[in-house]
Amino acid sequence: KTGQQSSIALLTEAPTLPLIQELLDEAPGKEHKKPQVLGHPLRYMLELYHRSADLYGHPRENRTIGATMVRLVRPMANVARPLRGPWHTQNLDFPLRPNQVAYRLVRATVVYRHQLHLTHFHLSCHVEPWVQKSPDNHFPSSEGSSLKPSMMSKAWTEMDITQHVQQRLWNHKGRRILHLRFMCQQQKRSEILQLQWRGTSSLDVAFLLLYFNDTHTNNQKAKPLSRGLEEFMESESPLLLRRVR
Amino acid sequence: QAGSIGSEVPGPSWKHDGPENNQCSLYPFQVSFHQLGWDHWIIAPHRYTPNYCKGTCPRVLRYGLNSPNHAIIQNLVNELVDQSVPQPSCVPYKYVPISILLIEANGNILYKEYEDMIAQSCTCR
């Protein structure tokens, strides 16, 4: 009982340890209810987990994840925009957390529904980066060489957007939001479809995956050796001089 | 590199009583994230096996224990010079990471590998 009640309190007593800092940053307080995440995002991450670790949490030796941390980011709640021409569109806004020094972004992908089934209607969809129009801006389209979607299932597709995120967004300071546009097309226009489309939520149609590698662990392991070696090499004059000064 | 003592988790017949001579060894130990009070945000795994090291360190630290030179000297000091200097302690030697899947407060989902979370073998130092 004591452990359950005070584990977070105990952690706050040693806030300088890296693990404790991370746990305090990432662990929501006990008073927060576990956010409800259901459907495809949760299924996707559970599948990724079972591919990468066994039942006891031991990382699998043959894991192909290529990263030590993967964050699934859901879009901010947003409703579908009114019909424009043959296209049904939704703007998807993904809030990105500030960069963590110890983690390097290695890959960014967007997973989206390429087939959307509304009652009696089937839509073909794709996602493309959305940036404000200006003469200098180039809009990469989904047919471009850098953005090739790959089919995951009958309804979901994954598309690599690493280059776009790194070039346009990653090193920006302040609040960063990745804007994507989710576009669907249907052959016959229908007023019923328009009503259904306007009821769809952005939370159900796409999510972002950010893959990171932990550079902190490697640095920490390398430190004692390099520091010791450095001090040994410099033990003659520079250190002595500094002490005298 | 010789393997450290207790590098393999002992079998069921051995695990309740520990090694006969209470020598420094690795003990399997499992805890649920519910017991730690973290089950409201950790989705997987359900159980965590940190294990632990327990037992006395021998007077003569043999090679297989992977003890550093300092531990050998401290043992000598305890035996020959000053008994107020303690003998080396039985502590984890090697660790392995654990992968965790958790839900962040904003509803995002995080897969993360945490280093040095499971004790795999023990040493005297």
Side-chain angles (χ1 to χ4, degrees), chain A residues 1-10 18-19 22-23 25-37 41-42 44-46 48-50 52-60 63 65 67-74 94-95 97 103 203 207-212 214 216-217 220-221, chain B residues 7-10 12 15 26-52 66 68-70 91-121 123 125:
Chain A
K1 276 183 183 173
T2 312
Q4 282 177 36
Q5 285 160 5
S6 62
S7 63
I8 298 293
L10 281 170
L19 171 67
E22 283 182 22
L23 289 173
D25 284 349
E26 286 160 9
K30 190 82 180 172
E31 66 277 9
H32 289 106
K33 276 190 171 180
K34 188 190 278 186
Q36 281 295 313
V37 183
L42 184 59
Y44 184 95
M45 287 304 274
L46 280 171
L48 178 142
Y49 184 85
H50 292 309
S52 309
D54 66 17
L55 272 179
Y56 301 97
H58 303 136
R60 295 187 194 280
R63 63 192 183 281
I65 192 170
T68 54
M69 182 165 89
V70 183
R71 173 170 283 119
L72 182 149
V73 184
R74 301 167 79 208
F94 297 90
R97 286 164 53 128
Y103 290 93
L203 297 173
F207 54 85
L208 178 69
L209 292 167
L210 300 172
Y211 294 75
F212 299 91
D214 185 353
H216 183 262
T217 313
Q220 269 205 332
K221 280 181 180 166
Chain B
S7 59
E8 287 176 16
V9 176
K15 110 178 133 179
L26 182 76
Y27 286 75
F29 186 78
Q30 204 172 66
V31 64
S32 70
F33 285 113
H34 174 71
Q35 287 172 293
L36 290 173
W38 295 350
D39 58 319
H40 63 298
W41 59 291
I42 292 179
I43 308 171
H46 294 300
R47 291 191 163 272
Y48 167 36
T49 312
N51 303 330
Y52 65 92
N66 290 303
N69 290 340
H70 177 271
V91 292
Y93 176 63
K94 280 186 180 170
Y95 300 94
V96 290
I98 187 172
S99 297
I100 285 177
L101 192 66
L102 59 95
I103 296 186
E104 295 179 303
N106 57 8
N108 293 336
I109 310 175
L110 188 71
Y111 165 91
K112 193 164 179 177
E113 292 173 15
Y114 287 94
E115 290 294 324
D116 303 337
M117 292 287 282
I118 298 168
Q120 198 185 32
S121 63
T123 184
R125 58 166 50 205

Test log, rule side-chain contact (heavy atoms from CB on, under 4.5 Å), inputs B:I98 and A:H58: CA-CA 5 Å; B:I98 187 172; A:H58 303 136; 5.9 Å; no
B:E104/A:R97 ion pair, N-O < 4.0 Å: yes
side-chain contact (heavy atoms from CB on, under 4.5 Å) assessment of B:K112 paired with A:Y103: CA-CA 11 Å; B:K112 193 164 179 177; A:Y103 290 93; 2.9 Å; yes
Atom pair CZ/CG of A:F94 and B:N108 - distance to nearest 0.5 Å: 10.0 Å
Gap separating the OH atom of B:Y111 from the CG atom of A:L72, nearest 0.5 angstrom: 14.5 Å
Worked verdict on B:Q30 versus A:Y56 for side-chain contact (heavy atoms from CB on, under 4.5 Å): CA-CA 10 Å; B:Q30 204 172 66; A:Y56 301 97; 3.8 Å; yes
Separation of B:L110 CG from A:R71 CZ (nearest 0.5 Å): 5.0 Å
Any B:I43 side-chain heavy atom under 4.5 Å of A:L42 side chain: yes
Gap separating the OG atom of B:S99 from the CZ atom of A:R63, nearest 0.5 angstrom: 6.0 Å
Side-chain touch B:L101/A:L46, heavy atoms, less than 4.5 angstrom: yes
Value rounded to 0.5 Å, distance of CG in A:D214 from CD in B:E113: 9.5 Å
Smallest separation among heavy atoms of B:P45 and A:Y49, with atom names: CD-OH, 3.0 Å
